[in-house]
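Here the structure comes first, spelled out in structure tokens, and everything after it is commentary.
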Number of protein chains: 2
Amino acid sequence: MATPESGATLESVATVAGVSRQTVSNVLNAPERVAPETRQRVEDAIRELRYRPNRSARSLRTRISRLVGYCVQPTPAGNLNPVLDRFVHAVTESAAEHGFHVLLFTAPAGTAGLDRYAELLAQRAVDGFVLADTVVADPRPGWLTEQGVPFVAFGRSWSGPDIGRWVDVDGAAGMTEAVEHLHALGHRRIAFIGWPEGSGVGDDRVAGYTAACLRLGLDPRVVRAEGGAETGRALAGALLDGDGAQEPPTALVCVSDESAYGALRALADRGLRPGEDVAVVGFDDTPAARLPGVDLTSLSQPIEQIGRESVLMLLGLLGVVETPPGPEHRLLRPSLVVRASSRPAVPPTEA
Amino acid sequence: MATPESGATLESVATVAGVSRQTVSNVLNAPERVAPETRQRVEDAIRELRYRPNRSARSLRTRISRLVGYCVQPTPAGNLNPVLDRFVHAVTESAAEHGFHVLLFTAPAGTAGLDRYAELLAQRAVDGFVLADTVVADPRPGWLTEQGVPFVAFGRSWSGPDIGRWVDVDGAAGMTEAVEHLHALGHRRIAFIGWPEGSGVGDDRVAGYTAACLRLGLDPRVVRAEGGAETGRALAGALLDGDGAQEPPTALVCVSDESAYGALRALADRGLRPGEDVAVVGFDDTPAARLPGVDLTSLSQPIEQIGRESVLMLLGLLGVVETPPGPEHRLLRPSLVVRASSRPAVPPTEA
DNA sequence: CTGAAAGCGCTTACAG
DNA sequence: CTGAAAGCGCTTACAG
């Protein structure tokens with residue numbers, strides 16, 4: 001029995017099957033060229049020897065590595081949103097369906113990191129990249145396009161021209177759904193706890209909130225500060241305490257779960273019950289949202305789908321799969337996971 | 001200017017430098033064999049052409065892929081402990097310091113997944129593996145050892161003979177530290193909320209707790225049930241309500257943060273204040289532990305260090321780095337992160 | 001349909 | 001110290 005290390009080659013398979021190396025190669029790469037009985041003999045030999053083509057030899061010859069580059073960023077300590085674990089898994093699994101694997105590397109953020117991408121390309125180590133952790137004014141899409149390198153980004157270009165292919169979450173649509181959900185429960189004073197202007201993601205989410213409010217005839221009310229749970233707590237606290245001019249909101253839509261956890265804390269500080277006295281909705285559906293005593297309603301991103309679609313787009317670019325005749329972008333809707341923080345309905349405070 | 005795609009080769013570098021291909025190769029792999037001025041000329045040419053050796057060609061020749069295999073498991077939905085994000089980053093970064101990259105793949109759990117490992121080996125796609133998500137009776141260490149494949153596991157073998165190299169967290173030491181911390185705060189009735197017997201990790205942690213109690217003259221009191229926050233809530237609730245025979249504990253040490261979040265909820269259910277009325281300690285230092293209103297004391301695993309040490313051990317096995325003359329195992333201590341859930345001290349309830 | 005030839009880009013003994 | 005030769009394992013035209 002051949003062990004994985006036994007090192008069957010095209011040559012040894014050919015000998016066993018009584019054909020030439022090329023015929024074995026043809027069975028692998030162009031089976032229709034080989035007569036059925038010959039093919040059968042070769043396939044038997046392959047099975048018997050547990051033969052697998054040497055990846056390096058194949059890559060050297062075809063100039064295709066069947067490797068997709070993915071840059072892992074250091075997870076910030078205390079990051080609540082372990083989205084990339086799931087994303088990377090989905091990417092890896094989808095890639096495997098087409099004989100591709102994922103090559104991980106690290107790189108500094110910004111322009112300084114481009115060298116690492118260049119090095120992998122110079123080494124012909126990868127055929128293309130899946131980009132994550134995209135930021136406003138990310139230099140990578142432009143640079144990769146310049147170099148003619150296939151890539152797909154998780155996250156659209158938020159500034160400048162819209163370069164390259166991407167898959168992203170429709171944050172605006174998610175926030176619209178959150179507002180509609182709260183409106184249906186009877187809420188009429190729904191405030192938004194957001195980030196400062198200028199973050200693409202945050203601006204997108206607040207836009208969805210505002211649009212929904214206007215469509216439903218509600219007054220949008222947006223407060224902003226740099227993210228963080230303590231910030232959310234402070235912003236929510238100020239809203240709940242009121243400022244004399246405006247009545248406090250009965251529902252808080254938060255740009256992230258992180259802010260929402262702060263908002264929940266602000267409720268607790270004041271003896272208010274989430275869902276009963278004031279509704280709270282977050283974004284990301286982080287793991288802590290489902291904990292007993294938290295039970296936060298939140299928008300869940302379709303991460304697995306984003307991973308799959310990213311790979312499909314990239315393999316289309318590489319000519320490995322039929323490119324679907326679709327657009328260069330895919331915007332996927334998050335889904336609202338309703339938990340106790342927005343139940344039961346608060347009785348409408350205004351007729 | 002050479003673009004990454006321009007495809008400088010050993011040949012083109014040799015032409016520019018006016019030497020033969022072999023000399024260029026020597027500059028790269030055995031610079032001491034080349035005369036200084038020749039070397040300089042070659043290095044200039046390399047820089048000018050932005051030359052990088054083709055990885056496939058090099059691998060084909062040397063039979064070393066400079067790739068480490070890592071299997072990504074699907075993250076269970078709602079998993080609170082995004083440890084692998086950090087682990088993978090540390091592994092990738094450490095590997096890069098020695099010219100290695102990480103190749104990601106997926107595989108079913110258990111014996112069924114061994115095929116994927118075998119396939120990568122047959123393809124000569126990787127030189128070895130870093131194993132994570134190790135479980136009791138994991139078939140991988142034994143199988144890889146049989147095949148003579150280099151690997152290092154994050155997590156020791158909990159059953160059967162202790163096979164291969166591993167790096168792990170000293171859960172027992174962590175729990176001992178937790179008990180000592182609580183004892184120093186004045187607690188004398190410290191209970192442990194654990195998992196059912198038979199999980200290596202859980203047994204290790206409870207052992208550390210028990211040992212510390214006995215050493216400090218405290219009565220160990222262990223309750224167990226399948227993990228989960230709701231379970232922790234129920235177990236903690238029963239302890240806090242007392243059973244007539246024993247006074248309720250003043251501190252709860254939990255086998256995981258997940259259980260601890262449930263315990264915190266049990267406190268809240270009874271109007272008890274964490275840290276003031278009853279202390280709670282978890283394990284994993286999950287991101288939610290630092291949220292306002294949670295503030296859970298917990299044991300933090302030195303994940304980055306585990307990743308680095310795993311890579312170093314593996315590269316030692318591969319002969320890439322000097323193998324430190326140490327043992328085949330490394331047991332690293334977690335560190336206690338003290339937060340409000342174990343502060344301020346509860347006055348000792350018994351003299 | 002099948003097989004002999006060339007070559008992908010590198011490294012490793014081995015002569016000179 | 002430097003260079004000519006062989007070969008890693010594959011695929012791709014191209015003859016037969």
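Below, read A as the first sequence line, B as the second, and so on, with proteins coming before strands; counting in each chain starts at 1. Excluded from the calculations below are hydrogen atoms, water molecules and symmetry mates; all remaining heavy atoms, backbone and side chain alike, are included.
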* Within less than 4.0 Å of OP1 or OP2 of dG3(C), is there a side-chain N or O belonging to Thr23(A)? -> yes
* Structure fact -> Taking a pair to mean Watson-Crick or G-U wobble geometry with both distances below 3.5 Å, dA13(D) pairs with none
* To do: Check every strand shown and say whether Ser59(A) touches a base, only sugar-phosphate, or nothing at a heavy-atom separation below 4.0 Å.
  => nothing
* Summary of protein contacts for nucleotides 11-16 of chain C, nucleotide by nucleotide, where a base hit scores B, a sugar-phosphate-only hit scores S (4.0 Å, heavy atoms) -> BB----
* Rounded interatomic separation in angstrom, taking CG from Asn54(B) and P from dG9(D) -> 17 Å
* Quick one: look up who dA4(C) pairs with, Watson-Crick or G-U, both distances under 3.5 Å, and put none if it's unpaired. => none
* side chain to side chain donor-acceptor pair (under 3.5 Å) partners of residues 125-139 of chain A, not counting sequence neighbours, each pair once -> Ser65(A)-Asp127(A), Asp138(A)-Arg140(A)
* Report the relative orientation of the aromatic rings in His329(A) and Trp166(A); use parallel for angles under 30°, tilted for 30 to 60°, perpendicular for over 60°. => parallel
* Give the nucleotide from the list dT2(D), dC1(C), dC8(C) with an atom nearest to the side chain of Ala35(B). => dT2(D)
* Structure fact -> Contacts of Ser59(A) meeting side-chain hydrogen bond (donor to acceptor under 3.5 Å, both in side chains) (sequence neighbours excluded), chain-then-number -> none
* Is the ring centre of Tyr70(B) less than 6.0 Å from the ring centre of Phe105(B)? -> no
* **Arg41(B) CZ to dC1(D) P, straight-line distance once rounded to whole Å** => 14 Å
* Distance in angstrom units between Glu11(B) CD and dC8(C) P, rounded -> 9 Å
* Set of residues satisfying side chain to side chain contact (heavy atoms under 4.5 Å, CB included) with respect to Pro139(A), sequence neighbours excluded -> Thr111(A), Leu114(A)
* To do: Would you kindly give the CZ-to-P distance between Arg124(A) and dC10(D), to the nearest whole Å?
  => 21 Å
* Asked: dC1(C) P sits how many Å from Gln40(A) CD, rounded?
  -> 16 Å
* Asked: Partners of Tyr51(A) by ring-ring contact (aromatic ring centres under 6.0 Å, His included), sequence neighbours excluded?
  -> none
* Asked: Is Glu37(B) touching bases, backbone alone, or none of the nucleic acid, heavy atoms closer than 4.0 Å?
  -> nothing
* To the nearest angstrom, how far is Glu32(A) atom CD from dT2(C) atom P? -> 13 Å
* Among all residues two or more places apart in sequence or in another chain, which pass the side chain to side chain contact (heavy atoms under 4.5 Å, CB included) test with Asp85(A)? -> Thr75(B), Leu84(B), Asp85(B)
* Quickly work out the Arg63(B) CZ to dG7(D) C1' distance and round it to whole Å. => 10 Å
* At under 4.0 Å between heavy atoms, what does Ser56(B) touch on the DNA or RNA strands: base, sugar-phosphate, or nothing? -> nothing
